[in-house]
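Okay, structure first, notes after.
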Amino acid sequence: MEKRVRVRFAPSPTGGLHMGGVRTALFNYLFAKKHGGDFILRIEDTDQTRYVKGAEDYIIAALKWCGIEPNEGVGFGDGPYKPYRQSERKASGLYKNYADKLIAGGHAYYAFDTSEELDEMRKRLEAAKVAAPQYNSVSRQNMRNSLTLSEDEVKKLIESGTPYVIRLKVPRNEEIRFHDIIRGWVVVNSTQVDDKVLLKSDGMPTYHLAHIVDDIEMKISHAVRGEEWLPSAPAHILIYRYLGLESDMPLLAHLPLILKPDGNGKLSKRDKSGLPMFPLDWHDERTGESYVGYRESGFTADAFINMLALLGWNPGDTREIMPMSELIESFSFERVNKSGAKFDPEKTKWFNQQYLRKRSDAELAESFAPILESKGHKAGLPAGEAGKVFLTEFCRLIKEKAHFINEFYDLGSYFFVAPNSYDEKVISKKWNENSKALYTKLNEKFSAASEWSIDSVTKLFHEAETELGKLDMQLVRVLVTGVSGGPQLMDMLALLGKTEVTNRISAALTVLK
RNA sequence: GGCCCGUUCGUCUAGGGGUUAGGACGCGUCCCUUUCACGGACGAAACACGGGUUCGAUUCCCGUACGGGCUACCA
């Protein structure tokens, strides 16, 4: 019988969740939803020295914004396997029990070496030109551990409170084979694997032990994580094996990494591409550093998620704009790539543009209102319903030009504040000695208008042209907005209103000679 | 350095023993538009290299190069 699909996203609260982490969470989520399974959020806070205040709340808030909601776990109502924070799970002696089982089976041992002794060992091995200096089947013979010390000595050391760790006893020269859903069979010789610390001297388990214990306890069916874990997978296989749990082991899937847009390396917290690396604004209290988020930069969650999903995965056809429901429906690990994918800021913007266009004008107006307010131009808007209508129409006109809602203001600030300068290029090219008289007359016609709508202004304009001769639309635009480009002229004039338009033209005519 | 993973247009990718190697972003040209954008049409642009295997390899195998990851009492 197939195991029920249960997957987990298990970040450690050492900082804000960056987009690479979001994608790992996303793939887990898509897979769970696709198979009607469970998606769990587990917090792996076994390293108190790296704990960052606020990180956990950030992770939860980020997942919520992204629409990647766990149905079990920290911040999402817990569930049958609570607690979901490893620091809290430790209290029951859970991890220690598993470590003890390994010791009893002869597959783990106590090690009393101090960090100085470990440093010395590494230096010694490096000096001896050992290719991979590590605590392993060879070097452990010269260290202070329960394999080299007598039973009595070990007992004495432990009873006297000497700090110790528990290490995995990795055999020498044994072939470790494991299957990865994305990569196929991977073979590693155990000589390459070091005797990993399983339980630290502070009593906390390391990731290696903790995630295995929890995956087993929480009945996880698939361990989906980043490629950076591939090298330690052989050690994990050994732990499952020595615990007699190989048959309950989750299936493995190592996701390709997201790489920097330029040059090389994996994506870092700060990137010069100009786009955020975090879903939400993140402020690290410890370092005092702040990072902007996608949300605050004007991205919509669906665009962000869509972009992330297609970084290293594709549906097998040419679809690109896919809402979450479609991503879920199409998702499979078979279509996840093996190689790392460079993050593409341009395409990311394009995704947001696509989603921006899909949103209704009224909806955009609602999102834009607070942005406008922050610019201090609320006063310029008509009150109440009229203001809403104005903003909705404004969004209709401006959205075709923008990638982000945050650009709306810069693209159309002249809708809210009259210009105080006029595009030099257009003026020097098109303004001549006849212009002043010509556009004064046009303005008179505007002033006399009894009706003011897109249609009526268009009609008025054409009438003026037959009467006064050819008019220059771009010049009219500059007189009213100060800039050379923008939405359809007539639409814009109509929205601005008769009074505003005629006032602005008058003002321009007094400035221009 | 060692080990592991990878390599199709600049980027994200489809494909797969015989294809005009397809799509998307970006770029360029044209059309639409009395502006800009949107939209439409078209275009430039790729199988890392060397050996095999084969009638035939971009596709399979091996090397090399290049890229990435790991190499902690961090995850």
Side-chain angles (χ1 to χ4, degrees), chain A residues 10-15 44-47 49-50 111 113-115 118-119 122 126 129-135 163-167 180 182-184 186-189 191-194 196-208 210-211 225-234 254 256-257 259-266 307 310-321 335 337-351 353 357 397-402 411 423 426 461 465 470-478 481 483-489 492:
Chain A
S12 52
T14 55
E44 310 219 324
D45 54 348
T46 52
D47 186 357
T49 64
R50 293 207 311 156
D113 317 281
T114 63
S115 56
L118 291 171
D119 278 349
R122 267 177 221 113
E126 269 166 41
K129 298 266 195 289
V130 172
Q134 56 184 9
Y135 207 113
Y164 67 87
V165 300
I166 295 179
R167 283 183 183 271
D180 182 285
I182 294 168
R183 281 147 216 287
V186 178
V187 185
V188 181
N189 189 289
T191 307
Q192 304 302 328
V193 181
D194 65 334
K196 294 215 178 311
V197 170
L198 302 175
L199 207 70
K200 300 185 260 190
S201 54
D202 64 0
M204 278 286 192
T206 59
Y207 167 83
H208 306 293
H211 94 274
R225 68 229 301 195
E227 192 185 354
E228 69 267 29
W229 292 109
L230 202 49
S232 52
H254 289 95
L257 265 19
L259 274 20
K260 285 182 189 167
D262 58 336
N264 20 30
K266 67 173 170 180
M307 176 279 292
L310 263 60
L311 218 46
W313 173 84
N314 70 82
D317 50 46
T318 58
R319 280 134 79 215
E320 292 203 285
I321 301 301
R335 300 211 64 87
N337 283 304
K338 293 180 179 69
S339 48
K342 282 190 181 171
F343 168 63
D344 185 348
E346 288 306 321
K347 190 131 191 188
T348 303
K349 289 181 196 166
W350 175 80
F351 271 109
Q353 188 185 35
R357 297 239 178 82
L397 297 183
I398 219 79
K399 77 172 173 188
E400 290 298 312
K401 315 193 161 299
L411 251 21
D423 190 292
V426 176
F461 193 86
E465 273 199 316
K470 181 86 173 150
L471 293 162
D472 191 301
M473 282 177 110
Q474 198 178 24
L475 211 39
V476 175
R477 175 185 296 282
V478 171
T481 69
V483 296
S484 60
Q488 291 290 325
L489 181 63
M492 190 196 77

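Values below: all heavy atoms of this structure, side chains included; hydrogens, waters and symmetry mates excluded. Every chain is numbered from 1 and lettered A, B, ... according to where its sequence line falls, protein lines coming before strand lines.
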Handout entry: Short N-O contact, Asp317(A) and Arg319(A), less than 4.0 angstrom
Key = yes
Practice task
Calculate the interatomic distance between Trp350(A) atom CH2 and C27(B) atom P; express it in whole Å.
Solution key: 14 Å
Handout entry: Pairwise C1' distance for G39(B) and A44(B), with rounding to whole Å
Key = 22 Å
Problem - Lys/Arg-Asp/Glu bridge criterion (N-O < 4.0 Å) met for Glu320(A), Lys347(A) - result: yes
Problem - Ser484(A) and Gln474(A), any side-chain heavy atoms less than 4.5 Å apart - result: yes
Practice task
Start with the C-alpha gap between Asn189(A) and Thr191(A), add the side-chain angles, then the distance that decides, and say whether side chain to side chain donor-acceptor pair (under 3.5 Å) holds.
Solution key: CA-CA 5 Å; Asn189(A) 189 289; Thr191(A) 307; 2.6 Å; yes
Exercise for the section: For A57(B) versus G52(B), give the span between their C1' atoms, rounded off to a whole number of Å. Expected result: 11 Å
Problem - Pairwise C1' distance, C30(B) and A65(B) [rounded to whole Å] - result: 43 Å
Practice task
Report the base-pairing partner of C55(B) (Watson-Crick or G-U wobble, both distances below 3.5 angstrom), or none.
Solution key: G18(B)
Exercise for the section: Could you check whether the rings of Trp229(A) and Tyr207(A) sit parallel, tilted or perpendicular, using 30° and 60° as the cut-offs? Expected result: parallel
Handout entry: P-based separation of C70(B) from A75(B) [nearest Å]
Key = 14 Å
Practice task
Under a 3.5 Å limit for both distances, which nucleotide forms a Watson-Crick or G-U wobble pair with G1(B), could you say?
Solution key: U71(B)
Completion exercise
note: Arg225(A), atom CZ; C70(B), atom C1'; distance rounded to Å ~ 13 Å
Exercise for the section: Encode nucleotides 1-6 of chain B as B, S and - characters from 5' to 3', where the letter depends on protein heavy atoms closer than 4.0 Å: B to the base, S only to sugar-phosphate, - to neither. Expected result: BSSSSS
Problem - Distance, P atom - from C5(B) to A41(B), rounded to whole angstrom - result: 44 Å
Problem - Leu489(A) CG to A37(B) C1', straight-line distance once rounded to whole Å - result: 15 Å
Problem - Glu400(A) and Arg357(A), any side-chain heavy atoms less than 4.5 Å apart - result: yes
Exercise for the section: Take atom CZ of Arg477(A) and atom C1' of U35(B), then tell me their distance rounded to the nearest Å. Expected result: 5 Å
Practice task
Give a yes or no on whether the backbone of Met204(A) and the side-chain of Thr46(A) come within a donor-acceptor separation of less than 3.5 Å.
Solution key: no
Handout entry: Atom pair distance, as rounded to whole Å: CG in Leu311(A) and P in A24(B)
Key = 19 Å
Exercise for the section: Could you tell me whether the side chain of Ser201(A) has a donor or acceptor atom within less than 3.5 Å of a complementary atom in the base of C73(B)? Expected result: yes
Practice task
Grab the CG-C1' distance between Asp47(A) and C73(B) for me, whole Å please.
Solution key: 9 Å
Handout entry: Mate of C42(B) where both pairing distances stay under 3.5 Å, Watson-Crick or G-U
Key = G28(B)
Handout entry: Interatomic distance at P, U59(B) relative to G50(B), whole Å
Key = 12 Å
